[in-house]
Amino acid sequence: MQCCGIDVEKSTREFFEFQKKSIKGIEVLLDIEDRESDATPKELVYQEDKMKLYHYTPMVKKPCKVPTLIVYALVNRQYMMDIQKDRSVIKKLLELGLDVYIIDWGYPTPEDMYVTLDDYINDYINNAVDHIRKSKKADKINLIGVCQGGTFSTIYSSLYPQKIKNLVTMVTPIDFHVDDGLLFKWGKYLNIDNMIDAYGVLPGSIMNSGYLMLKPFQLMLDKYVDLFENIDDRETVENFVRMEKWIFDSPGQAGEALKQFVKDLYRDNKLVKGTMEIGNEKVDLKNIDMPLLNIYAEYDHLVAPKSSQALNNLVSSKDKELCSFSVGHIGMYVSSKSQIQIAPKLANWLIERSN
Amino acid sequence: MSAKTLENNFMSDYFDLQKKIINSWQGFCPTMETENSKKVKNDQLMESYQAFLKKSYDSFFNMLNPLSKGSSDNRFFNAMDTYQSVYRFWEDLVTKTAKKDLFNVDSFYNSWKDSYTNLFSADWIQNPLQFQELLKEPLEISQMLFNTQWNFFQPWIDDSEAFQKILEKSISGDKNAALDYIKLFRKDYEKTYGKFFDVPVLGMSRQHFEKQLQSMDSYLSYLNALNEFFATINKVGSETMETIVKEYQNMLENGTQPKTFKEFYEYWWKQNEEAYLNLFKTDDFSQLLGHVVDASVILKKNFDKYLEEQLDFLPFSKNSDMKSLYKTVYDLKKQVKSLNSKVDELIEKADIKGGSNSCSAAE
């Protein structure tokens, strides 16, 4: 039955359903459990300034002999890879036999405003790598870099190829001058000098505002309306709340490091051009000769697939693989595919090459 | 001109556009007057149906609203407010257009103008970069300081021939007129009054006065940039709404229009998302965004400097003192790390040497 172009029957059904959900939804909202993320057992093994290196308790009797270090981005927190028990990439990697370490960058405060990319790569990452090598008596380790952490890991592997057995990059920006991707476009026009002068450590909330603008109606309106549609489902609401907490748990960005990252990469694309310098050393991606697994997300709205794909043509590794999954940037770590396809692919690829 | 005024101007324009939608709606709404009996039946049905829907929504939001109190920064509740407002608008539109003979477009708009502004007041469109967080306090203080100065600029705007022409264009319905007006304003400002703030100042309070002028200049530059930003956002919103109207008319003719509020909402947000993403992809927008962000951080920098100067007599360390201290600590830390690593190397070398000596001795 239609009236003024409205399907009365369908609308009525929708509203009955809406009412039922509403009543149950109130109950759910008032009684949701805030189950903790970052719950897989681990031990703090090394600390330098705000950087902490954790070692996860292995979950198999004989874990892979070559230890694996995960380097996460400075933006957002590394526990996205251990968001909840039934969706933890870390837990899955441990179950599949990897011996996993992870860097937690912490929350920069004003005193960290002068920390540079040189500090992050030549000090923090290098010291973490050396600590693992020493404690495990291993010449080389496996390195997994995630997002901006992938860019750092790529740079690190080109500077210290002798310490890296296998390199895995995930949703990693490499070519910053690709046509796709709003962040790449906007980044070029930001006067980063003024931003850092004004703030010292750029607040995470400002970075988040930019990310929300990438899909304004979806991320600021429809996402919540969609939650409302499922508000009677406790598990959906709890998962949503956990993700929401993670999304807005955004550390500030150390000014000097961010300045170089924006100028050298977003503006000048120096990594691809081969003109980037860390400390006083040139970053030559041709130095990367170890096996490389480069994974990107086909529906990534933060790091355009083309930007990640570029890496395989810039390294000299003979054993290199480009691999994609039909997920988004975050879905790479929290979707069902992350458990069924992505983590197994990653673990098997590393184990095969760690003998 | 405050951010609130900008927002209200935006909503005024938005409402003018909505008027067009209603006119179109009236033209295309299925005629229910062919049979008197059918008309009565449909009207009654519609009334009871709307009453039912209203009850449904009210009952839920009455329950939800106490939860949202004290959660003013809660994104979920903000989104729900927006969703609820879109619904109220849709509900009223459908109800009133059903009574075609009694429907008055002007009174409908007047009754909705304020409420519709609230639709966009949930913190996602009036502050795409959440500038309120960035600049809340400086802006509030700046506004107090400079409100009286603002009148100074009014005659300049009124007397400008170019502005008059643009205004004429605007009256004749030129959609680009508002944006042109703002662009011209910014250009003229930078050429005239912007320079005024750079004029060297003499006398005992020279430095202090210069800082005040710099702060005023950056505040006005920021407002100009923000004005242009919102005019651009507004223009795309208007164009999208027109597109939606046209498409909706076609859909009504074909019988494929959204048949429930849920369908209407899905259609509405996806159209808007696409339109804004197309805007965001352009170089012009990227430059404009860069310009707004830059103007805001320059304002913050100048205002911070100004505040530091005002508070100089207090026995507290200032931000610039702390920055200097942070730099010293950073440099010292680097030095200590470097020395530590040299010490470690020396110890290692000494151990090796000691080890080989003892081996030699044993041999």
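Naming convention: chains lettered A, B, ... in sequence-line order (proteins, then strands); numbering from 1 in each chain. The figures that follow rest on heavy atoms only: side chains count, while hydrogens, waters and symmetry mates do not. Quantities reported herein were computed from a predicted structural model and do not represent experimental measurements.
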How about [X] and [Y]: do any of their side-chain heavy atoms sit closer than 4.5 Å?
{"X": "A/Asp118", "Y": "B/Lys334", "result": "yes"}
{"X": "B/Phe285", "Y": "A/Leu182", "result": "no"}
{"X": "B/Asn272", "Y": "A/Pro216", "result": "no"}
{"X": "A/Asn191", "Y": "B/Ile298", "result": "no"}

Under 4.5 Å heavy-atom distance to chain B, tell me which part of [X] shows up: side chain, backbone, both or neither.
{"X": "A/Asp193", "result": "neither"}
{"X": "A/Leu214", "result": "backbone"}
{"X": "A/Lys223", "result": "neither"}
{"X": "A/Asp123", "result": "side chain"}
{"X": "A/Thr116", "result": "both"}
{"X": "A/Met195", "result": "both"}

Check your understanding: So, does A/Trp186 use its side chain to make a donor-acceptor pair with the main chain of B/Phe280 at under 3.5 Å?
Key -> yes
Practice item. For the pair A/Glu111 (side chain) and B/Tyr326 (backbone), establish whether a donor and an acceptor sit closer than 3.5 Å, ignoring hydrogens and angles. Key: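 Here the side-chain-to-backbone pair does not exist.
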Practice item. Flag the one option from B/Lys327, B/Lys301, B/Met322, B/Glu273 with the top tally of heavy-atom pairs under 4.5 Å to chain A. Key: B/Glu273
With a 6.0 Å cut-off (strictly less than), is the heavy-atom count around [atom1] of [X], excluding the residue itself, greater than 12?
{"X": "B/Asp344", "atom1": "CG", "value": "yes"}
{"X": "A/Tyr107", "atom1": "OH", "value": "yes"}
{"X": "B/Glu274", "atom1": "CD", "value": "no"}
{"X": "A/Gln162", "atom1": "CD", "value": "yes"}

Exercise for review: Output, in order, the C-alpha distance, side-chain angles, deciding distance and verdict of side chain to side chain contact (heavy atoms under 4.5 Å, CB included) for B/Leu277 and A/Phe217.
Suggested key: CA-CA 10 Å; B/Leu277 288 182; A/Phe217 283 78; over 6 Å; no
Exercise for review: Using non-hydrogen atoms and a 4.5 Å limit, figure out which bit of B/Ser320 sits close to chain A: side chain, backbone, both or neither.
Suggested key: neither
Point to revise | When A/Leu190, A/Asp179, A/Asp197, A/Asp180 are compared by non-hydrogen pairs under 4.5 Å with chain B, the top option | key: A/Asp197
Review point. In terms of heavy-atom pairs under 4.5 Å with chain B, which of A/Lys188, A/Lys185, A/Glu229, A/Lys215 leads?
Key: A/Lys185
**Study point:** Candidate list B/Asp283, B/Asp294, B/Val293, B/Leu288, test side-chain contact (heavy atoms from CB on, under 4.5 Å), partner A/Tyr189, passing option
**Key:**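 Of the listed options, the one satisfying the test is B/Asp283.
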Review point. Do A/Tyr114 and B/Asp331 have a side chain donor and acceptor closer than 3.5 Å?
Key: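 Looking only at side-chain atoms, B/Asp331 and A/Tyr114 do not form any donor-acceptor pair under 3.5 Å.
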Practice item. May I ask you to decide whether B/Lys270 forms a salt bridge with A/Asp222, counting only side-chain N to carboxylate O separations under 4.0 Å? Key: no
Check your understanding: Taking 4.0 angstrom as the limit, do A/Asp49 and B/Lys337 come out as a salt bridge?
Key -> yes
